[in-house]
Asks: 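Okay, here's the structure, questions in a sec.
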Amino acid sequence: MPELPEVQTVLDGVQSVLNGRVLAGLESYYPGTVILDPELSDDAFPSRLDKATRRGKYMLFQLDSGVTMIVHLRMTGKLVYDSQAMETHKHERARILLEGGEAIRFIDPRTFGKITLLKSENLEYYMPKLGPEPLSEEFDANYLHLILAGRSAPIKNLLLDQRLIAGLGNIYVCELLFRAKVRPQRPGKSISRKESRLMVKHAKAVLQEAIKVGGTSISDFRRIDDKTGEFQNFLQVYQQKECPKGHALENIRLGGRSSFYCPVCQR
DNA sequence: CAATGATCCTGTCCGC
DNA sequence: TGCGGACAGGATCATT
C-alpha cells in the first residue's frame, strides 16, 4: 500500500492522535510482527511521544522513556485509531495501547508489516542503510546521475532500490517516469544528464502533489481517521488503460512488479 | 559488487 | 458456485 506520501499521511494522523496522550503498552497478536530489542528497558511504558519522524517508508516514534518505536507498513499494513478498542479485528497483528481503553490497531492481512521497539540509542543498528530522501536537496540531478552511472539494471528497478533513494514505490516510480518521458526498462547507464534532471524534478513534484491530497487509495489504503487519499484520481499511467493523450499503455514486468508506461510518450 | 529470482502471507479477481 | 492461477503498493535473502 504505502509509499512515501501514504506513510507521511499516516504519520501525520498518528502524530495528532498521540499528541498529549500517554502510551500504555504494545500488544502483539501475530508471531513476528512485533520485534523487541533485547536491550529494551522494562520501563518503556507508560510514556509520551517526544517526536514522530519519517525516514523513507519507515515511521519513527521517539518516546520520552528513551525508547523508539519503528513502524513499517510494508504492503498491507494500516494503523487505525479506536477510542474504545475491544475485540481484536480479524487481521489485527498488534495494538498500541493508550490510556483509558483507547488504542491504535495495526491491521495487516499479509503480515509483512513490522513494529520494532528498541532502546533509542540502538536505532542505527535497527535501521537499514537508506539513500537520501527524494524531497531533500541531497536528491538532485547530480546525485541521480552518479548512482546510475555504469548500472545496467532497468531505471525502474534502480529507483525502487531503497539503498539508493528512500521512499519511492511502484506507483510513484511509474508516474514520475511517465512525466519525465523515460521508459522503465531503460538501463540506468543510458539515462542522460538532462533526463536525470527531469526525473528528479518530477519525482519531487509527484510526491508533493500526492502528499497534499493525502496519498493514493488503491484498494483499501486509509488514513488513521479512515478517510481515503485522493491521488488515485490523478494517476496518469499506474493501473490505467491509456495515457492522458489517449495512447494505449503497456504493462510489462520488471523485477517482478507490473510497470505501466506509454510506448509513444516515453523513450 | 551487481543483477535476478524466490520468498514471506492472505485476499481478491478473472477465466473456465 | 467452485476451482486454479495470477496478481497485489515491500523488503530481504540466496544464487548466479
Side-chain angles (χ1 to χ4, degrees), chain A residues 1-11 28-35 54-59 70-79 88-94 106-116 125-131 134 146-177 184-190 203 206-207 210-211 213-223 228-241 251-260:
Chain A
M1 152 180 26
E3 306 179 33
L4 189 155
E6 291 74 38
V7 174
Q8 186 66 49
T9 299
V10 171
L11 181 73
S28 171
Y29 309 128
Y30 186 88
T33 295
V34 170
I35 296 162
R54 180 190 56 72
R55 179 75 179 96
K57 299 170 194 169
Y58 293 79
M59 289 180 270
I70 306 174
V71 179
H72 198 303
L73 304 171
R74 292 283 190 111
M75 302 276 267
T76 54
K78 282 198 290 184
L79 291 174
T88 55
H89 179 281
K90 183 179 178 195
H91 299 305
E92 191 171 355
R93 309 305 181 189
F106 184 63
I107 311 278
D108 184 20
R110 281 173 79 180
T111 72
F112 294 162
K114 298 272 180 279
I115 299 181
T116 308
Y125 176 81
Y126 280 91
M127 284 293 287
K129 297 283 167 262
L130 297 172
L146 189 73
I147 59 169
L148 298 181
R151 305 289 297 260
S152 63
I155 178 66
K156 173 151 181 281
N157 298 23
L158 296 169
L159 291 172
L160 285 171
D161 189 336
Q162 304 297 300
R163 294 167 301 183
L164 301 179
I165 308 150
L168 295 176
N170 204 30
I171 296 178
Y172 296 105
V173 168
C174 287
E175 293 297 313
L176 82 88
L177 285 172
Q185 62 272 54
R186 289 263 305 278
K189 60 189 173 195
S190 79
V206 74
L207 292 172
I211 289 172
V213 298
T216 300
S217 289
I218 297 277
S219 84
D220 64 351
F221 170 72
R222 292 289 184 283
R223 314 186 200 193
T228 60
E230 297 300 333
F231 199 71
Q232 65 279 8
N233 301 318
F234 301 98
L235 296 175
Q236 298 185 309
V237 288
Y238 185 78
Q239 287 189 351
Q240 308 297 307
K241 292 252 178 288
N251 180 8
I252 59 172
R253 288 192 87 68
L254 290 172
R257 331 277 308 269
S258 60
S259 311
F260 295 81

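Order of the sequence lines fixes the chain letters, A, B, ..., with proteins taken first and strands second; residue numbering starts at 1 for each chain.
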Asks: Side chain of Arg74(A): nearest nucleotide among dA11(C), dA8(C), dC9(B)?
Replies: dA11(C)
Asks: Return the pairing partner of dA6(C) with a 3.5 Å limit on both distances, Watson-Crick or G-U wobble; otherwise return none.
Replies: dT12(B)
Asks: Could you state the atom-to-atom distance from CG of Asp108(A) to P of dA8(C) in whole Å?
Replies: 18 Å
Asks: Starting at OH of Tyr126(A) and ending at C1' of dT12(C), how long is that distance when rounded to a whole Å?
Replies: 17 Å
Asks: Determine the contact category for Tyr58(A): base if any of its heavy atoms lies under 4.0 Å from a base atom, sugar-phosphate if only primed atoms, P, OP1 or OP2 are that close, otherwise nothing.
Replies: sugar-phosphate
Asks: What is the separation between atom CD1 on Ile147(A) and atom C1' on dC1(B), rounded to the nearest whole Å?
Replies: 15 Å
Asks: Using distance alone, with no hydrogens and no angle criterion, decide if Gln162(A) and Tyr58(A) have a side-chain donor and acceptor under 3.5 Å apart.
Replies: no
Asks: Give the C-alpha distance, both sets of side-chain angles, the deciding distance and a yes or no for side-chain contact (heavy atoms from CB on, under 4.5 Å) between Arg55(A) and Met127(A).
Replies: CA-CA 9 Å; Arg55(A) 179 75 179 96; Met127(A) 284 293 287; 3.9 Å; yes
Asks: Tell me the interatomic distance from Met75(A), atom CE, to dT12(C), atom P, rounded to whole angstroms.
Replies: 14 Å
Asks: Considering only dA11(C), dC9(B), dT12(C), which nucleotide approaches the side chain of His72(A) most closely?
Replies: dA11(C)
Asks: Tell me, which pairs form a salt bridge (Lys or Arg N to Asp or Glu O under 4.0 Å) where one or both residues lie in residues 147-160 of chain A, sequence neighbours left out?
Replies: none
Asks: Round to the nearest Å and state the distance from Arg257(A) atom CZ to dA6(B) atom P.
Replies: 15 Å
Asks: Can you check whether Phe112(A) stacks with the dC8(B) base, using ring centres under 5.5 Å and planes within 30°?
Replies: yes
Asks: Which pair of heavy atoms, one from Ala203(A) and one from Leu176(A), lies closest together, and at what distance?
Replies: CB-CD2, 3.7 Å
Asks: With Arg93(A) as the cation and Tyr29(A) as the aromatic partner, state whether NZ or CZ is under 6.0 Å from the six-membered ring centre and within 45° of the axis.
Replies: no
Asks: Is there a side-chain contact between Leu235(A) and Gln240(A) (heavy atoms, below 4.5 Å)?
Replies: yes
Asks: Quick one: Leu254(A) CG to dG5(B) P, roughly how many Å, whole number?
Replies: 10 Å
Asks: Less than 4.0 angstrom between a side-chain N/O of His91(A) and OP1 or OP2 of dT10(B), yes or no?
Replies: no
Asks: If we take the P atom in both dG5(B) and dC7(C), what is their distance in whole Å?
Replies: 14 Å
Asks: Could a donor-acceptor pair under 3.5 angstrom be found where the side chain of Arg151(A) meets the base of dA3(B)?
Replies: no
Asks: Short of 4.0 Å, heavy atom to strand atom, which residues of residues 152-164 of chain A count as contacting DNA chain B?
Replies: Ser152(A), Ala153(A), Pro154(A)
Asks: Rounded off to whole Å, could you give me the CD1-to-C1' distance for the Ile165(A) and dG10(C) pair?
Replies: 16 Å
Asks: Using a heavy-atom cut-off of 4.0 Å across all strands, would you classify Lys114(A) as base, sugar-phosphate, or nothing?
Replies: nothing
Asks: If you assign each of Arg110(A) and Pro128(A) to its closest nucleotide in DNA chain C, which residue comes earlier from the 5' end?
Replies: Arg110(A)
Asks: Any idea how Tyr238(A) and Phe260(A) line up, ring-wise: parallel (<30°), tilted (30 to 60°), or perpendicular (>60°)?
Replies: perpendicular
Asks: Closest to the Glu3(A) side chain: dA8(C), dG10(C), dC9(B)?
Replies: dG10(C)
Asks: Any side-chain N or O of Lys90(A) below 4.0 angstrom from OP1/OP2 of dT10(B)?
Replies: no
Asks: Applying a 4.0 Å non-hydrogen cut-off, can you work out what Tyr172(A) is touching in the nucleic acid: base, sugar-phosphate, or nothing?
Replies: nothing
Asks: Rounded to the nearest Å, what distance is computed from the CD1 atom of residue Ile35(A) to the C1' atom of nucleotide dC8(B)?
Replies: 13 Å
Asks: Whether Arg253(A) contacts dT4(B) is assessed here as follows: a side-chain N or O lying under 4.0 Å from the phosphate OP1 or OP2. Is that the case?
Replies: no
Asks: Quick check: does any side chain N or O of Glu230(A) sit under 3.5 Å from a backbone N or O of Thr216(A), one acting as donor and the other as acceptor?
Replies: no
